[in-house]
Every structure is written in structure tokens, then in C-alpha cells.
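So the structure is just underneath, and the comments pick up after that.
Heavy atoms only: backbone and side chains are in, while hydrogens, waters and symmetry mates are out. We're numbering straight along the sequence, starting at 1.
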Amino acid sequence: QVQLVESGGGLVQAGDSLRLSCAASGRTLSGRVMGWFRQAPGKEREFVAGINWNVGRTGYADSVKGRFTISRDNAKNTMYLQMNSLKPEDTAVYYCAGGLAQFNLATARYDIWGQGTQVTVSS
């Protein structure tokens, strides 16, 4: 069984940066796809970024391309989301998630979820 724990959220000003972390325990993430999702009040949960754990291939939502970077540390079983040039519309609870490896990172079946970390960006 794999457990995911997010951290690194907080309150920042527009234009600032944050780095979110997602630590996995229980098993290694080999053979999995990992992703970041976010959900703002009154909105559906949306895909932000994903990564194939073994290969390191990444994918991003159009809204965050060029600003966010997803990465992993295999030895630490930890995933990161570097968020730069943050905007108020980035405000949401951010979740890390995992599932069996799939080619399409956005539509893969994510069946393991963390509890989320709040990111608030003020204007």
C-alpha cells in the first residue's frame, strides 16, 4: 500500500514561487504515473502536471506550462511541483496522486491520493 503526503503550500503574493512536495511511503513508485491536481472552491478538480516515474516524461495543463515544473527524486520517493510566477487563479488545494503507468498522463487512472495542501495567491 502506498501513502502520499503533500507539503509546501502557503500564502504568497502574485508573482512569487512555491515548491510543493509529495512524499510516498509503503512502496516505491516504480512502474507508476504520478501527478498533481488542484481544486478551487466551486470548481472541479483539474489536472495540473504529471510524470512517468520510471522514464521521467512529463506533461502539463496549458494553464501552467512555462510556469510550473514537475520533478521526482527516485531515491527519496518524492515528487515536487515547482510553481513560479504564481497567479491568483492558481489558488486551490493541490493534491498529489498516483496510479499504474499510462501514456496519457492527464487521463490516467489515478487511484491513490494525498490529503492536499492549500496554495493561496493574493493579488
Nearest heavy-atom approach of R32 to V2 is NH2-CG2, 3.7 Å

* Note, L20 side chain near V119 side chain (heavy atom, < 4.5 Å) -> yes

I'd like a table of donor-acceptor pairs (distance under 3.5 Å, sequence neighbours excluded) in which one partner is a side-chain atom from residues 101-114, with atom names and distances.
| unit_1 | atom_1 | unit_2 | atom_2 | d |
| --- | --- | --- | --- | --- |
| N104 | OD1 | A106 | N | 3.1 |
| N104 | OD1 | T107 | N | 3.2 |
| N104 | OD1 | T107 | OG1 | 3.3 |
| N104 | ND2 | T107 | OG1 | 3.2 |
| R109 | NH1 | D111 | OD2 | 3.3 |
| Y110 | OH | L105 | O | 2.5 |
| W113 | NE1 | Y110 | O | 3.1 |

Ring pair (Phe, Tyr, Trp, His ring centres under 6.0 Å) filter on F47, not counting sequence neighbours, yields F37

Quiz item: Does a side-chain heavy-atom distance below 4.5 Å link E46 with R38?
Solution: yes

V48 and F68 have their tightest heavy-atom pair at CG1-CD2, 3.7 Å

Fill in: Greater than 12 external heavy atoms within 6.0 Å of E44's CD
no

A40 and A92 have their tightest heavy-atom pair at N-CB, 3.8 Å

(Q) Using side-chain heavy atoms (C-beta onward) and a distance below 4.5 Å, is M79 in contact with C96? (A) yes

Examine W53 and I70 and state if one hydrophobic cluster contains both, with Ile, Leu, Val, Met, Phe, Trp and Tyr joined whenever side-chain heavy atoms are less than 4.5 Å apart. yes

| request: Assess the side chains of R19 and Y80: does a donor N or O sit below 3.5 Å from an acceptor N or O? | output: no

Residues S123 and Q13: closest non-hydrogen pair is O-NE2, 2.9 Å

- Task: Could you check if a side-chain atom of Y95 sits within less than 4.5 angstrom of a side-chain atom of Q115, using non-hydrogen atoms only?
- Result: no

Exercise. Please check if any side-chain donor atom of T120 sits under 3.5 Å from a side-chain acceptor atom of Q118, or the reverse.
Key: yes

Note: D62-K65 ion pair, threshold 4.0 Å (strictly below)
yes

